[in-house]
Number of protein chains: 2
Amino acid sequence: MSWHKDRRGERGYHHGNLKEALLQAALGLIAEKGPAGFTFADAARTAGVSAAAPYRHFRDRDDLLASIAQRGFEQFEATLTAAWDDGRPDTVTAFERIGKAYLNFARTEPAFYSAMFESGIPVDSSPELAAAGERAFAVIRAAAERLAALTPPGVTRPPAMMMALHIWSLSHGVASLFGRGDAARRKLPMSPEDLLEAGALIYLRGLGFPTDQNVHKSDTSTAPKSGPWGTAPK
Amino acid sequence: MSWHKDRRGERGYHHGNLKEALLQAALGLIAEKGPAGFTFADAARTAGVSAAAPYRHFRDRDDLLASIAQRGFEQFEATLTAAWDDGRPDTVTAFERIGKAYLNFARTEPAFYSAMFESGIPVDSSPELAAAGERAFAVIRAAAERLAALTPPGVTRPPAMMMALHIWSLSHGVASLFGRGDAARRKLPMSPEDLLEAGALIYLRGLGFPTDQNVHKSDTSTAPKSGPWGTAPK
DNA sequence: AGCTCATGTGAAGAGCTCTTACATGAGCCG
DNA sequence: CGGCTCATGTAAGAGCTCTTCACATGAGCT
């Protein structure tokens, strides 16, 4: 019984689930004060243990941050995979959905996003972290490959890998410059989503995809899933 | 005479130019260990003064960081302005040069770049900082406006402002994801410059610019060989 | 029941941030 | 030259955090 983490300090000598509690505490603190403004001791205090306790679970502060980043990448991958939905109903629509999901993740999970991209931890900090990041990118890359297969003949285009990197870069740029309203960010005369969508549409047009006329205005409300490009041929 | 900062501690009670020395020291430290790994005390030590001395020149650590960011934006603006060169010899060429200059700045001045974009200081930390950032962006925006004026008629395009934001986002995304080889960054099967150039070309093509692969080089030859993204795919 | 070891604690050293009281000397004024 | 004054430096200290110790606890196995 006493192992149970009652919310009112009713906790035995042992916490019972400290590692998880520390991750959660750190997430909350990062969301509040950014990845820089979170301290190991703070996470311990939030979890209700002494400042030394975390060292039983994480080598140091960076190790904790890396764990969060890894978990973030896993969740990110799941999010992107769901958005991609294997290219349904058509490749371009699904592709645009990935972009929205990207921004949405950055906005709704700023703590994860910060840990993943702005915390300064090296990507190769751990093989697991690198692998998780790789898997997340693989989703974008797979989508780019399907897109590449659809580019009209006669149009020169870069390798699918490069297309994926373009989209990732554009998305990350939008997200990190304007993605979070949470102060410290620049003001924008439009939503980040509109910005990204318009950019992506122009990019796709540059790859030879047919376009409708609404490049600068997201117009997804009325148009059914046939989307701006029509249904993708198989 | 004793005010002179001889390299061997031959320095009177007063430093003589501490503010500047602190900025330089901080720049060096940031370049070494990132914006997070630099401490006020460290900068003081590097400058050869007591830990309390910096407080005579900067309200706190963030104030110093903001000063560096501001100076960075001013230098950034100068760099971009030089690259743009008022659109000579032609708008698209000059535009591409801005992209290269962007990446080059991020690589050769990682300390400035970090302070400007990754240090977590709010943009409106000081009006001067915000203004400096605004002026730097204005260069890109002016270029985008010239570009917008050149888009072929009949092609829908977003406002110039949005085009500028697209380019900024793409550049920043490339720079911050892959821009600095200095560890902690992802490996890339190509140079960041090539990545950005290819992306920008596709984007421009999407705006209706006749960018067959070499158009940006103000060429005359229709030589098919390798463009910015290598040989044309299947 | 008794052992064992993962997990948590308190104390302590070292470093950083920032404040306060005091020291120095550069520039000015007569 | 002598003396003011104040910007700029210092030392010392309070209150943090980080990290490592030796030591305490109790969960789970035998």
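A, B, ... follow the sequence lines: proteins, then strands. Residue 1 opens every chain.
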| note | Testing D:dT10, D:dT8, C:dC18 for proximity to the side chain of B:Ser50, the answer is D:dT10
| request: Provide, to the nearest angstrom, the distance between the CG atom belonging to A:Asn17 and the P atom belonging to C:dG8. | output: 9 Å
| field | Minimum-distance nucleotide to A:Tyr55 side chain [options: D:dT20, C:dC16, C:dG8] | value | D:dT20
| Roughly how many Å is it from CG in A:Asp60 to P in D:dT17, rounded to a whole number? | 17 Å
| Whole Å only: how far is the CG atom of A:Leu18 from the P atom of D:dG26? | 16 Å
| said: At 4.0 Å (heavy atoms only), tell me whether A:Ala41 reaches a base, stays on the sugar-phosphate, or touches nothing. | reply: sugar-phosphate
| field | Rounded distance in Å - CZ (B:Phe58) to P (D:dA7) | value | 17 Å
| request: On the 0 to 90° scale, with breaks at 30° and 60°, tag the B:His172-A:His172 ring pair as parallel, tilted or perpendicular. | output: parallel
| field | Closest-nucleotide 5' rank along DNA chain D - winner of A:Arg56 and A:Phe40 | value | A:Phe40
| query | So, is the end of the B:Lys19 side chain (NZ or CZ) under 6.0 Å from the ring centre of B:Phe58 and within 45° of the ring's axis? | reply | yes
| request: May I ask you to say what A:Ala51 touches in the nucleic acid, namely base, sugar-phosphate or nothing, with a heavy-atom cut-off under 4.0 Å? | output: base
| message | Looking at B:Arg45, I'd like to know whether one of its side-chain N or O atoms comes within less than 4.0 Å of OP1 or OP2 on C:dC16. | response | yes
| message | Rounded to whole Å, please give me the gap between CZ in A:Arg59 and C1' in D:dT19. | response | 13 Å
| field | Rounded interatomic separation in angstrom, taking CG from A:Leu22 and C1' from C:dG8 | value | 12 Å
| Is any side-chain N or O of B:His57 closer than 4.0 Å to OP1 or OP2 of D:dG9? | yes
| request: Report the relative orientation of the aromatic rings in B:Phe117 and B:Phe73; use parallel for angles under 30°, tilted for 30 to 60°, perpendicular for over 60°. | output: perpendicular
| In whole angstroms, how far is the P atom of C:dT19 from the CZ atom of B:Arg61? | 15 Å
| task | Take atom CG of A:Asp42 and atom P of D:dT17, then tell me their distance rounded to the nearest Å. | result | 6 Å
| task | Measure from the side-chain heavy atoms of A:Ala52 and tell me the nearest of C:dC16, C:dT9, D:dT17. | result | C:dT9
| How are the rings of B:Phe112 and B:Phe105 set to each other: parallel, tilted or perpendicular (split at 30° and 60°)? | parallel
| Lys/Arg N to Asp/Glu carboxylate O, B:Arg135 vs B:Glu77, below 4.0 Å | yes
